[in-house]
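Structure record follows, encoded as structure tokens.
Whatever order the structure lists ligands and atoms in, that order sets their numbers, starting from 1. These numbers come from a predicted model, not from an experiment.
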Amino acid sequence: MGNPIAHSRSPFIHKMFAGQTGQLMDYQAMLVDPTQFKQVLINLPSHGVRGANITLPFKEEAYKHATTTGQAATLAGAANTLSFSDNGEIRADNTDGKGLVQDLTHNLNIPISASRVLLVGAGGGARGVLGPLLDQGPEQLVIANRTEERAQQLALAFVKLGPVQFRSFDALKGMQFDLIINATSAGLSGLRAPLPDGIVSPSGACYDMIYGPGAEPFLNWAAQQGVNNRADGTGMLVEQAAESFTIWRGTRPDTRPVINALKRQT
Ligand code: ATR
């Protein structure tokens, strides 16, 4: 469920998962009028729907309508995965952060533990992944955002969970990171955050949570900085979907062939 939704690759991904695991599943993209979200949501179980993925702009609203919530959704204050029970319960989970961590550490072999991590952005995307990133035990996690106050609020909200700090873009000058994760939406408008030069360590990595052309402004900057280890969010997209599928079906699909299939399409 989202608005817009036509671009969504999730039906393709879940169809591949279902085929692979022999699960009978019908998964469709649903365009929802923002004024109708709650009504549409609470009617879904009566149509036989057992679960839903939620994307922009409904993740916070979906969380509010849930009757039980998983830890990651509670921390994020937002849900990307809902499960409907026969007894009328709506459970909210958030698999975005787990998906990012799985792609970084498992698929791409980029360590988070003991690394100096810069998270760029302080909107819903950044909030959704912050808890799982801190769970990995980074040496340092700095949040930088165009509106510094939002970075400050986010850092304050998570400071109990790990070594999180905030900075303005300018104040990053002279610092060095092993991993920079772009969680801004700037790339969707062909733009990028004005990060200072020289802040990625020579063996460091850059990751954009957006997949496809929207990742290019940030990843092109990373290439100019001499960073060889660069990735867009295709793996995160598939891994968060695999976490949702596992919640619903109790079986974890193999993500590698799905990531490869998506990459062949772009
Ligand atoms: P999302 O849920 O996708 O994170 P959001 O909550 O609207 O969406 O947050 C968008 C993020 O991208 C914010 O961190 C925003 O910075 P501000 O908090 O200063 O608005 C960031 N962003 C969007 N366009 C940007 C740009 N051109 N340059 C830098 N940051 C940008």
- Message: Protein non-hydrogen atoms only, distance under 4.0 Å: does atom 27 (N) of ligand 1 have such a neighbour?
- Response: yes
[X] contact mode with ligand 1 (heavy-atom cut-off under 4.0 Å):
X: T184; answer: both
X: N145; answer: side chain
X: R146; answer: both
X: S185; answer: both

- Message: Could you identify the single nearest non-hydrogen protein atom to atom 9 (O) of ligand 1 and state the distance to 0.1 Å?
- Response: G123 CA, 3.4 Å
- Item | Nearest protein heavy atom with distance in Å, relative to atom 19 (O) of ligand 1 | T147 OG1, 2.5 Å
Please tabulate, one pair per line, all N/O donor-acceptor pairs under 3.5 Å involving side-chain atoms of residues 86-93, not counting sequence neighbours.
unit_1, atom_1, unit_2, atom_2, d
N87, OD1, E89, N, 3.1
E89, OE1, T67, OG1, 2.6
R91, NE, D93, OD1, 3.4
R91, NE, D93, OD2, 2.9
R91, NH2, D93, OD1, 2.9

Which ligand 1 atoms are under 4.0 Å away from a heavy-atom of [X]?
X: G125; result: 1 (P), 2 (O), 4 (O)
X: G121; result: 14 (O)
X: G124; result: 1 (P), 2 (O), 4 (O), 6 (O)

- Item | Contact check: A193 vs ligand 1, nitrogen or oxygen atoms, below 3.5 angstrom | no
- Message: Between ligand 1 and R192, is the shortest N or O to N or O distance under 3.5 Å?
- Response: no
- Minimum heavy-atom separation for P196 to K173, with atom names? CB-CG, 3.6 Å
- Query: Of all heavy-atom pairs between H7 and Y211, which one has the smallest distance, and what is that distance?
  - Reply: O-OH, 3.9 Å
- Task: Say whether, by atom type as modelled, one donor and one acceptor occur between the side chain of W248 and the main chain of L82 under 3.5 angstrom.
- Result: yes
- Message: Looking at D197, is its backbone amide N or carbonyl O close enough to the side chain of Q225 to form a donor-acceptor pair, meaning the two atoms are under 3.5 Å apart?
- Response: no
- Message: Please say yes or no: joined through hydrophobic side-chain contacts below 4.5 Å, possibly via intermediate residues, are V32 and I5 part of one cluster?
- Response: no
- Cluster check F84, F58: I/L/V/M/F/W/Y, side chain < 4.5 angstrom: yes
Could you pull out all donor-acceptor pairs under 3.5 Å where a side-chain atom in residues 175-184 meets a protein atom, sequence neighbours excluded?
unit_1, atom_1, unit_2, atom_2, d
D178, OD1, R116, NH2, 2.8
D178, OD2, R116, N, 2.7
D178, OD2, R116, NE, 3.1
N182, OD1, T184, N, 3.2
N182, OD1, T184, OG1, 3.0
N182, ND2, D208, OD2, 2.9
T184, OG1, A186, N, 3.3

